[in-house]
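Written out below as structure tokens is the structure these notes cover.
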Amino acid sequence: MNFIEELRWRGMVHNLVPGTEEMLAKGMATGYIGFDPTAPSLGIGNLVTIMMLVHFQRCGHKPLALVGGATGMVGDPSGKASERPILSLEELRFNQEKARAQLEHFLDFDCGENSAEMVNNYDWFSQFSLLDFLRDVGKHITVNYMQAKDSVKTRMDTGISYTEFTYQLIQGYDYYHLHKEYGCQLQMGGSDQWGNITTGTELIRRLGGGEAFAVTTPLLTKADGSKFGKSESGNVWLDPKMTTPYAFYQFWLNAGDEEVVKSIKIFSTKTREEIESMIVDHEANPGARILQKALAEEITVRVHGEAALKRAQTASSLMFSKNPEDLNEVSFEDLQEILKGVPSGKVDASALEAGIPILDFLVETGAFPSKSEARRMIQQGGLKINLAAWDSFDAQINHSNLFDGKLIWIKKGKKHDHIVYLQ
RNA sequence: GGGGAGAUACCAAAGCGGCCAACUGGGGCAGACUGUAAAUCUGCUGUCUCUGACUUCGUAGGUUCGAAUCCUGCUCUCCCCA
């Protein structure tokens with residue numbers, strides 16, 4: 001499989017160094033992408049470049065996943081309007097380990113000669129003295145050249161620290177190092193990385209290392225132009241503790257019709273024929289959400305596993321169920337698992353014994369900030385208790401409203417939930 | 001240093017003595033339609049003991065039967081000239 005051809009039909013080529021295709025055609029090549037451990041988990045935003053590596057490996061090449069222990073300490077100015085805060089060493093170390101573990105889900109580290117490898121630039125930078133760096137690296141790149149990069153240029157007015165200014169040299173040296181030590185001839189990344197990558201190829205050339213190539217992928221945006229990878233509740237992470245598998249699954253399921261066509265090409269490892277035929281079906285009947293379902297399924301399995309997918313699917317059908325009877329199908333334990341991550345409150349057994357007026361109950365348990373809002377929700381017909389519509393202001397909540405004697409599930413409209421546990 | 005303009009609910013922006021809990025737009029929320037979408041439509045969007053009451057219009061006072069609207073001090077913001 002021709003890697004560049006593969007990226008092209010998937011809509012993943014933004015820019016490439018001339019000659020890249022010819023180089024790759026010669027046989028197995030080694031390529032790398034760097035991930036900066038600036039958050040305690042990789043997010044969906046990182047997934048696009050992860051997929052580049054995945055496709056790269058599937059095309060028979062050898063991927064290197066670089067965890068940026070060193071670059072993370074410096075801070076990449078690309079696409080950032082202002083200086084970034086410095087993370088502590090402990091945070092960075094913790095994040096690096098997380099990133100490493102997550103990447104292992106995607107790449108095959110044991111498949112013979114094109115097995116993936118994980119490298120950490122902290123390993124070669126921690127021993128690199130400033131003086132050596134200045135003499136061996138800094139000497140070869142002019143400030144004029146560095147200044148011309150967009151990432152630097154846009155910051156010249158507002159200010160950029162020496163540290164972030166130097167970032168491109170650090171990343172550039174990474175490429176040189178991998179080129180020398182691993183025979184790495186290709187660096188991939190998001191289009192915002194173009195400047196940093198070309199500093200690397202330039203450095204390799206000047207240091208007499210010969211030719212090095214690069215491909216970047218367009219930054220994925222949503223139809224409304226907003227940044228990909230965020231849901232209304234914030235960033236979507238790969239770590240199940242930070243984004244539950246259910247929320248993760250829902251994120252993909254909710255992709256827009258236009259967006260999902262772009263997404264499936266990037267994130268699915270299905271063949272071109274399969275994907276294209278699915279797209280045809282999808283366009284004939286977008287209401288069936290064929291692509292959304294397929295995509296959500298495939299990615300959730302890869303990140304969280306088969307069992308987590310099944311739970312997410314069960315949870316999805318219950319969360320959007322219109323039939324209160326469906327509750328009878330699940331156990332307390334199931335429900336607790338499904339509702340994990342939903343905001344919750346507590347209610348006193350003795351108070352419940354006596355019965356609590358609905359409005360008081362809704363406010364006291366934290367479901368609503370004021371009785372007015374709670375009243376409004378009921379008025380508008382958005383309130384459901386244990387999936388059953390609730391339309392009275394003065395009815396009371398008591399033991400009979402408990403599910404399995406243990407909790408009360410409050411639905412506020414279609415998409416907001418609140419759980420009250422018996423105390 | 002001199003002169004001017006302004007501070008209104010999540011944001012923007014009307015109101016300039018009673019009909020103002022405050023026009024309008026955005027946002028948010030709910031409902032309808034649908035596909036757990038988009039677009040569209042409708043309603044809601046200070047609090048409460050909710051067809052009524054109470055507390056809000058930078059802040060502290062004052063005038064008045066009555067103020068977001070008039071007066072005074074204070075704080076902050078913006079603009080122009082030096």
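Note that the structure is a prediction, hence the values are computed from the model and not measured. Here is how names work: the chains are called A, B, and so on, in the same order as the sequence lines, proteins then strands, and each is numbered from 1.
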Check: A:Gln379 and A:Phe393 side chains under 4.5 Å, non-hydrogen atoms: yes

Donor-acceptor pair present, A:Gln380 side chain and B:G43 base, under 3.5 Å: yes

base_contact_polar (B:U36 base, A:Gln250 side chain, donor-acceptor, <3.5 Å): yes

5' priority, RNA chain B, between A:Lys412 and A:Leu253 [closest heavy atom]: A:Lys412

A:Arg375 vs A:His416, nearer the 5' end of RNA chain B by closest nucleotide: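 Final value for this comparison: A:His416.
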
Pairing partner (Watson-Crick or G-U wobble, both distances under 3.5 angstrom) of B:G18: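 Pairing partner, where one exists within any strand: B:C65.
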
Short N-O contact, A:Glu259 and A:Lys262, less than 4.0 angstrom: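 Salt bridge flag = no for A:Lys262 with A:Glu259.
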
Using whole Å, what does the distance between atom [atom2] of nucleotide [N] and atom [atom1] of [X] come to?
{"X": "A:Asp417", "N": "B:C29", "atom1": "CG", "atom2": "P", "value": "14 Å"}
{"X": "A:Gln292", "N": "B:U34", "atom1": "CD", "atom2": "C1'", "value": "14 Å"}
{"X": "A:Asp257", "N": "B:U36", "atom1": "CG", "atom2": "P", "value": "12 Å"}

Side chains of A:Lys149 and A:Thr199, donor plus acceptor under 3.5 Å: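 There is such a pair (donor and acceptor under 3.5 Å, judged by atom type) between the side chains of A:Lys149 and A:Thr199.
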
Under 3.5 Å side-chain donor-acceptor pair for A:Gln168 and A:Asp76: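 A:Asp76 and A:Gln168 do not have a side-chain donor-acceptor pair below 3.5 Å.
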
Sugar-phosphate, base or nothing in reach of [X], heavy atoms under 4.0 Å:
{"X": "A:Gly287", "result": "base"}
{"X": "A:Ser370", "result": "sugar-phosphate"}
{"X": "A:Gln379", "result": "nothing"}

Could you measure between the two [atom1] atoms, the one in [N] and the one in [M], and give it in whole Å?
{"N": "B:U34", "M": "B:U42", "atom1": "C1'", "result": "16 Å"}
{"N": "B:G15", "M": "B:C57", "atom1": "C1'", "result": "10 Å"}
{"N": "B:G62", "M": "B:U56", "atom1": "P", "result": "15 Å"}
{"N": "B:A7", "M": "B:G58", "atom1": "C1'", "result": "6 Å"}
{"N": "B:C70", "M": "B:C16", "atom1": "P", "result": "10 Å"}
{"N": "B:G73", "M": "B:G66", "atom1": "C1'", "result": "24 Å"}
{"N": "B:C20", "M": "B:U64", "atom1": "P", "result": "25 Å"}

Phosphate contact (B:A30 OP1 or OP2) by A:Lys415 side-chain N/O below 4.0 Å: no

Phosphate contact (B:U47 OP1 or OP2) by A:Arg376 side-chain N/O below 4.0 Å: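 Looking at the OP1 and OP2 atoms of B:U47, one of them is under 4.0 Å from a side-chain N or O of A:Arg376.
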
Residue pair A:Pro18 / A:Phe213: nearest heavy atoms and the distance that separates them: O-CE2, 3.6 Å

